[in-house]
Amino acid sequence: MSRYEPKVIEPKWQKKWATDKIYQALDFDAKPKFVMLTEFPYPSGDGLHLGHTREYTLGDIYARYKRMKGYNVLFPMGFDAFGLPTENYAIKNHVSPQAASQTNIENFQNQFNKLGFSYDWSRSISTIEPSYYKWTQWIFLKFFEAGLAVHEETLINWCPFCKTGLANEEVVNSRHERCDNLVSKKTVKQWTLKITKYADRLIEGLQGLDYPARISDQQINWIGKSHGTSLKFKVDQSDQEIEVFTTAIETVFGATFMVLAPEHPLIKKLTPADHLAVVNSYLDQARTKTDLERQEDERSKTGVFSGIYAINPLNNKRIPIWIADYVLMSYGTGAIMAVPGQDERDYQFAQKYKLPIIYVTTENKFVNYTKKIKPNPTKYTMTNSQQFDGLNFKEGRKKIEDWIKKEKLGQAKIQYRIRDWVFSRQRYWGEPIPIIHCHEHGPVSVPEKDLPVVLPAIKDYLPTDNGQSPLSRIEDWVNTVCPICHKPSKRETDTMPNWAGSSWYYLRYYDPHNDREFASPQKLQYWGMVDFYLGGMEHTTLHLLYSRFWHQFLYDQKLVPTKEPYQKRRGQGIILAADGTKMSKSKGNIVNPLEIIDQGYGADAIHLAISFLAPYDQTTPWSPESVVGSYRFLDRVWRLVEDVLSLEPNDYESSRDLAKIIARTTARVEKDLEELNFNVAIAALMEGVNSLYKIKESQLQIKKEDWLEAVQAIVLLLAPFAPHICEELWLKLGQTSSVHLADWPSYDSKLLIESTVKLVVQINGKIRTVLEVPRDSSQTQIELLARDNPHLQTYLSQQSIQRVVFVPNKLINFVI
RNA sequence: GGGCGAGUGGCGGAACUGGUAUACGCGACGGACUUAAAAUCCGUUGGCCUUAAAAGCCUUGAGGGUUCGAGUCCCUCCUCGCCCACCA
């Protein structure tokens, strides 16, 4: 008898699996394909943490299960290594980002191996390899050639700490999500990807996909589609017009002033000389404020009168134009018609600056449009609205819209909250944007034959203070010739954001070594959509949205055969520290899964503990003891198998006791796995093993062959969760090939049906007793049994029975 | 403020279309084995009443409702988490 020693068996099998390449996915195999994807990591200096381990373990369990169920499973892994943290880490440690990435990738690779996941390493990719980013650049050029990558001047978010522009998605609570510093605003000439052109497609595409509501809702909210009206106001004593967007056109007669965002381009043109000084000082003040500071001012809005007036096109009323930073340049037109009688923000502003208020409901007081009127437009009657007085808001809206249309004063407009994707980074550690700027031809694609544009290795890659990429310092790299006219030209020096490489990486796994295409059409066709994509909720409005956008674009370019990349998406929950707070480096409460392995518990115990902890999508605190419990269970399974192997052969009759337990356990584990209830599946396995132990202790006479069959089934069922120990036990049981290539056990569903059932007896809905009765007993039979039962008699004899509710094989309820 | 979700023992959590609430695990307590400890095994473990047992009563955030029967469905409220947020 040997002891269960993960330290001994785990490395042994990890080596063997690698040598035998048992997890390789086969292109064009006849078995049904299944692509199981988990997000490839950003190889930070800290190594794999528990969050990674949860995601990868769950993906691994499911991939192994599908393999045993007879699928040709593609379960790949790679590295998303470009990006700020590595660069900042490299700066801090005085090494090159290349070297830092290399070290970190090796460390991750090593840790992956110790955790024993069933990846097909032959397909591994890394976004920083020129052979990979060649195709990232190639796809960018497709965007450029389709007019969806544009070099333009835009007001963007700027991280003063990282000294680079950012996408809107990267700003969380006014802070840069990577470094947590407050962002400011800056107008820069930048590359943007026109994701807004795909806004509707990104909403519609969600239909027919298996995404949980919290993910699709979050994307829909992020895209933020709203229907409204755009209306043009003439500027008084000028031929200029100012366009505003409103979703409440029926309140237009309550507009008593107009507000422009401080960044609005017309301000500089229109401000009269006598107001210039105050306006400029306000603009300066607004510019230096961060978004967060603007938000803090919510209760005390600030603004300044511009000195000019606008004409409401519906009633020709002259209203003052104000400038205030509660209006954002980045949404709508950067200008609003202010309706203080019906809009809370305008109301606050009007009160502060003593501006007139007109109420357009007959209640003649402040009524919040969004909260009150919009949900019940027929309940409110219009007033102070000329010929529309007396109508309810639903009718009024329709009539005003028609009028505006007829008089061509404006038009119906759909407005999105989502912004175009700011795609330039003024940092070193990213894919160079493959564009050459020519005096005559403007931005020009680098010809395909010259791809990849390799990121030059340089010593001085520190970000600059002038808003230029560090690449701009390398003159002999920057200076080149225009591919069209061959005149001296300059390379684009901005790099791509770290979300670029990950926007299409799953496709590269289908054909990772192809040097002529990003993937061959045949392989794209064979593997098709990712069947199951597990990842972090935090990527819902970042990576997940970006990659759906790229995929939809590639589909439009006829470069991929499917409209969407991911058929089924799930987000795993966050593991908190044991005290329920977030794990963080600063608090020093980070749990390192590798340490747990080294303590002797092994990778299997971690896999088990992590998936047993809670439902996979639930945020839950870590409990160190759960590893102990998992280890204990594995040890119990080990000893059970050892005990069975050491049984003396006997000639007892074959019995169905064990087969019943196995059938029940198999049915439960299978159902729970299909529904991703990993924690319950493990509970079912534990119950199964506990039942086997009970039978063993009961000294029933059971054939050794029955025992062998039973433990064999347990090993198969446990294999996805605890791959190493099961491989070892499988060998002990005399098998020669890997348990992970074995078939998932089948069972006779007749064994699930017990001949007797426990039937609950209730009096007035209260449980009084439980009767063990033959399956499918009739109501009459049960009633007789109940009347005979001495305990129930006390209830049943005293009062008359008014009604009997009977649920076959479940319950009988006497209403007395 | 908007969207989504969650409140069940000492803890993590289970409960199919309403039908034995607390599965499974952790922890705790008691016992066996041991010179001892670890490991392992066995037993107990929601609360109240009771010497004990039997029986009974209460219990799924709070309150109400529907139902023979509610953790599950409906209404009101409270608390917590995540995402978005001066979005016109």
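Below, read A as the first sequence line, B as the second, and so on, with proteins coming before strands; counting in each chain starts at 1. Just so it is clear, the model here is predicted, and its values are computed rather than measured.
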If you restrict it to nitrogen or oxygen atoms, what contacts under 3.5 Å exist between nucleotides 42-49 of chain B and the protein, and what is each distance?
residue: B:C42; atom: OP1; partner: A:E697; partner atom: OE2; Å: 3.4

For nucleotides 67-71 of chain B, which of its nitrogen or oxygen atoms have a protein nitrogen or oxygen under 3.5 Å away, and what is each distance?
residue: B:C68; atom: OP1; partner: A:R803; partner atom: NH1; Å: 2.8
residue: B:C68; atom: O2'; partner: A:N813; partner atom: ND2; Å: 3.2
residue: B:C68; atom: O2; partner: A:N813; partner atom: ND2; Å: 2.4

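In this structure, the nucleotide among B:C84, B:U20, B:U40 sitting nearest to the side chain of A:D635 is B:U40. Listed candidates were B:G12, B:A21, B:A88. Nearest to the side chain of A:F612 is B:G12. For A:Y331, taking side-chain heavy atoms from C-beta onward, the closest of the listed nucleotides B:A23, B:G27, B:C87 is B:C87. Nearest to the side-chain atoms of A:T620 among the listed nucleotides B:C86, B:G13, B:G25 stands B:G13. Nearest to the side-chain atoms of A:R768 among the listed nucleotides B:C84, B:G56, B:C86 stands B:G56. Side chain of A:V327, nearest nucleotide from B:C86, B:G12, B:A88: B:A88. Which of B:U20, B:G25, B:C87 sits closest to the side chain of A:M686 comes down to B:G25. Side-chain proximity of A:E625 to B:C26, B:C84, B:G12: nearest is B:C26. Closest approach to the A:V770 side chain among B:U20, B:C4, B:A14 is made by B:U20 (side chain taken as heavy atoms from C-beta onward). Considering only the side chain of A:R639, B:C41 comes nearest among B:A55, B:C41, B:C84.
Between the side chain of A:K671 and the base of B:C16, no donor-acceptor pair of N or O atoms lies under 3.5 Å. For A:R419 and B:C87, a side-chain-to-base donor-acceptor distance below 3.5 Å is present, hydrogens and geometry of angles not being considered.
Take A:Y380 and apply the ring-ring contact (aromatic ring centres under 6.0 Å, His included) test, not counting sequence neighbours, and it matches no residue. In this structure, the ring-ring contact (aromatic ring centres under 6.0 Å, His included) partners of A:Y631, at least two apart in sequence or on a different chain, are A:Y4, A:Y601. Residues that satisfy the salt bridge (charged side-chain N to carboxylate O under 4.0 Å, His left out) test with A:R345, not counting sequence neighbours, are A:D343.
Heavy atoms of A:A213 sit nowhere under 4.0 angstrom from any nucleic acid atom. Across all strands, A:S623 comes closer than 4.0 Å to no nucleic acid atom at all (heavy-atom distances).
Comparing the C1' positions of B:G10 and B:U45 gives a spacing of 11 Å, expressed to the nearest Å. Rounded to the nearest Å, the gap between the P atom of B:G47 and that of B:A53 is 13 Å. Comparing B:G56 with B:C41, their P atoms are spaced 35 Å from each other, to the whole Å.
Classification of A:E263 and A:R287 as a salt-bridged pair fails, no side-chain N sitting under 4.0 Å from a carboxylate O. Taking 4.0 Å as the cut-off between side-chain N and carboxylate O, A:E39 and A:R569 count as a salt-bridged pair. Looking at A:D635 and A:R639, a side-chain N of the basic residue comes within less than 4.0 Å of a carboxylate O on the acidic one, giving a salt bridge.
Phosphate proximity of B:G25 to A:N690: present, with a side-chain N or O under 4.0 Å from OP1 or OP2.
Each of A:T619 and A:T370 was matched to the nucleotide of RNA chain B holding its nearest heavy atom; the match closer to the 5' end belongs to A:T619.
Under the side chain to side chain donor-acceptor pair (under 3.5 Å) criterion, the residue pairs touching residues 210-225 of chain A are A:E169-A:W222, A:D200-A:K225, A:D210-A:R570, A:Q219-A:R548, with sequence neighbours excluded.
Enclosure of atom CD in A:Q207 is not indicated, since only 12 or fewer non-hydrogen atoms of other residues, nucleotides or ligands lie within 6.0 angstrom. Other residues, nucleotides and ligands place more than 12 heavy atoms under 6.0 Å from the NZ atom of A:K696.
Aromatic ring centres of A:F349 and A:F257 lie closer together than 6.0 Å.
Base orientation of B:G9: syn, the glycosidic angle falling within 90° of 0.
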